[in-house]
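What follows is a short report on a single structure.
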2 protein chains.
Amino acid sequence: MFSIGELSKRTKVKVPTIRYYEQMGLLAEAERTSGNQRRYDKKGLERLSFIRHARDLGFSIEAISSLIELQDHPDRSCEAATDIAISQLADVRAKIKRLKLLEKELTRISECCDGHGVSEDCYVLAALADHELCSREH
Amino acid sequence: MFSIGELSKRTKVKVPTIRYYEQMGLLAEAERTSGNQRRYDKKGLERLSFIRHARDLGFSIEAISSLIELQDHPDRSCEAATDIAISQLADVRAKIKRLKLLEKELTRISECCDGHGVSEDCYVLAALADHELCSREH
DNA sequence: CTTGAACCTCTAGTCACTAGAGCTTGTAGA
DNA sequence: TCTACAAGCTCTAGTGACTAGAGGTTCAAG
């Protein structure tokens, strides 16, 4: 059994974040000492590692809730889990697509002004003011 | 002179968002009718288009504030504007980099489970539980 | 037994909006 | 000119995933 600080160190999840996850129902309520401090065991560590890993992959708290629910019922179909993963993947791909458009546009805009001129002649500002100056949709 | 609803239609920025931008100081306080309704002219339209465009490119409200400040002083050096654009570009590139790692990992994980099995054997859940199963850092 | 680091709860702040309540105004048709 | 009612107004609170801080308590080493 170890403290929340120890759990934090081992999982690299900050202490307030751990408490937040508990509040959100992602982590079961921890056992307490007589003085009301949280104590965790291996199971708590594993669950938090799972959460941390899923968060790192960009899953929402809600999605993680569903994944944990499934994990707790080993006999259930895992269709929902793959669905969540696939939809997360689609999300990530959509974000990449959009960001790449932004990257192109920002690169183009930045390259057109060296920053040595005066605001009136600045291509960055002109481009923002006038969408017509954009090379494509974004 | 036109109403906030008309401005909203022309710029595709929602009415409450326009009011929010005003509150945040991005838009100057609009003129009002005797009945306290906002009225806009060409200048208001241009400024909101600028804001909309910058937001579409992912600039923060704060960054846009600085850009507008520069725009209002045509004689100032535009170094700050290019700095802001370049730092935004760096941001976007960092996000793309991270998302690509996530994409790889999520693709790999998703492909390992067809969703027809049972939660206990699900590779998606197993991969999340155990970082060792990841193919690389993410 | 003392010290102080670590713990506790609770509230409020972050960003860029969005939603809703409860009220007032503008405008088109009768 | 009157009447609907769409559109406007302000204000407060909610979103997601934390983070910061106040003000108090507990644990463990020396």
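Chain letters run A, B, ... following the sequence lines, proteins first, then strands; residues in each count from 1.
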Most 5' of B:E22 and A:S60 on DNA chain D, judged by nearest nucleotide: B:E22
Side chain of B:Q37 - closest among D:dC27, C:dT9, D:dC9: D:dC9
Integer-rounded Å distance: D:dA17 C1' and A:M24 CE: 9 Å
Presence of A:S3 side-chain N/O under 4.0 Å of D:dC27 phosphate oxygens OP1/OP2: no
SB check A:E46 A:R52 (cutoff 4.0 Å): no
OP1 or OP2 of C:dC7 under 4.0 Å from side-chain N/O of A:R19: no
Integer-rounded Å distance: D:dG16 C1' and A:L26 CG: 12 Å
Nucleotide nearest A:I4 when distance is taken to its side chain, options D:dC18, D:dC9, C:dC8: C:dC8
Integer-rounded Å distance: C:dT25 C1' and B:N36 CG: 10 Å
Nucleotide D:dC18, atom C1' - distance to CZ of A:R52 in whole Å: 14 Å
Toward the 5' end of DNA chain D, by each residue's nearest nucleotide, B:Y40 or A:E62: B:Y40
Rounded interatomic separation in angstrom, taking CD1 from A:I51 and C1' from D:dA17: 13 Å
Spacing between B:E29 atom CD and D:dC9 atom P, to the nearest angstrom: 12 Å
Nucleotide nearest A:R32 (side chain, heavy atoms from C-beta), chosen from D:dC18, C:dT9, D:dC27: C:dT9
Phosphate OP1/OP2 of D:dG8: any B:T33 side-chain N/O under 4.0 Å: no
Short side-chain N/O contact from B:Y21 to OP1 or OP2 of C:dA16, under 4.0 Å: no
Whole-Å gap separating P (D:dC18) and CD1 (A:I64): 8 Å
Any donor-acceptor N/O pair, B:S119 side chain to A:S77 backbone, under 3.5 Å: no
Side-chain N,O (A:R38) to OP1/OP2 (C:dC7) below 4.0 Å: no
Residue mapping more 5' on DNA chain C - nearest nucleotide basis, A:K9 or B:R39: A:K9
Short side-chain N/O contact to D:dT19 OP1/OP2 from A:K14, under 4.0 Å: yes
Under-4.0 Å side-chain N/O to phosphate OP1/OP2 contact, B:T17 with C:dT18: yes
Row check, B:F2 ring normal vs B:R38 NZ/CZ: under 6.0 Å, within 45°: no
Between D:dC9 (P) and B:I18 (CD1): distance, integer Å: 9 Å
Test item: side-chain donor near acceptor, B:T107 and A:R93, under 3.5 Å: yes
Exercise: do A:R47 and A:T11 side chains pair donor with acceptor under 3.5 Å: no
Salt-bridge contact A:R108-A:E105 (side-chain N to carboxylate O under 4.0 Å): yes
Nearest to side-chain heavy atoms of B:Y20, which nucleotide of D:dC9, C:dT9, C:dC17: C:dC17
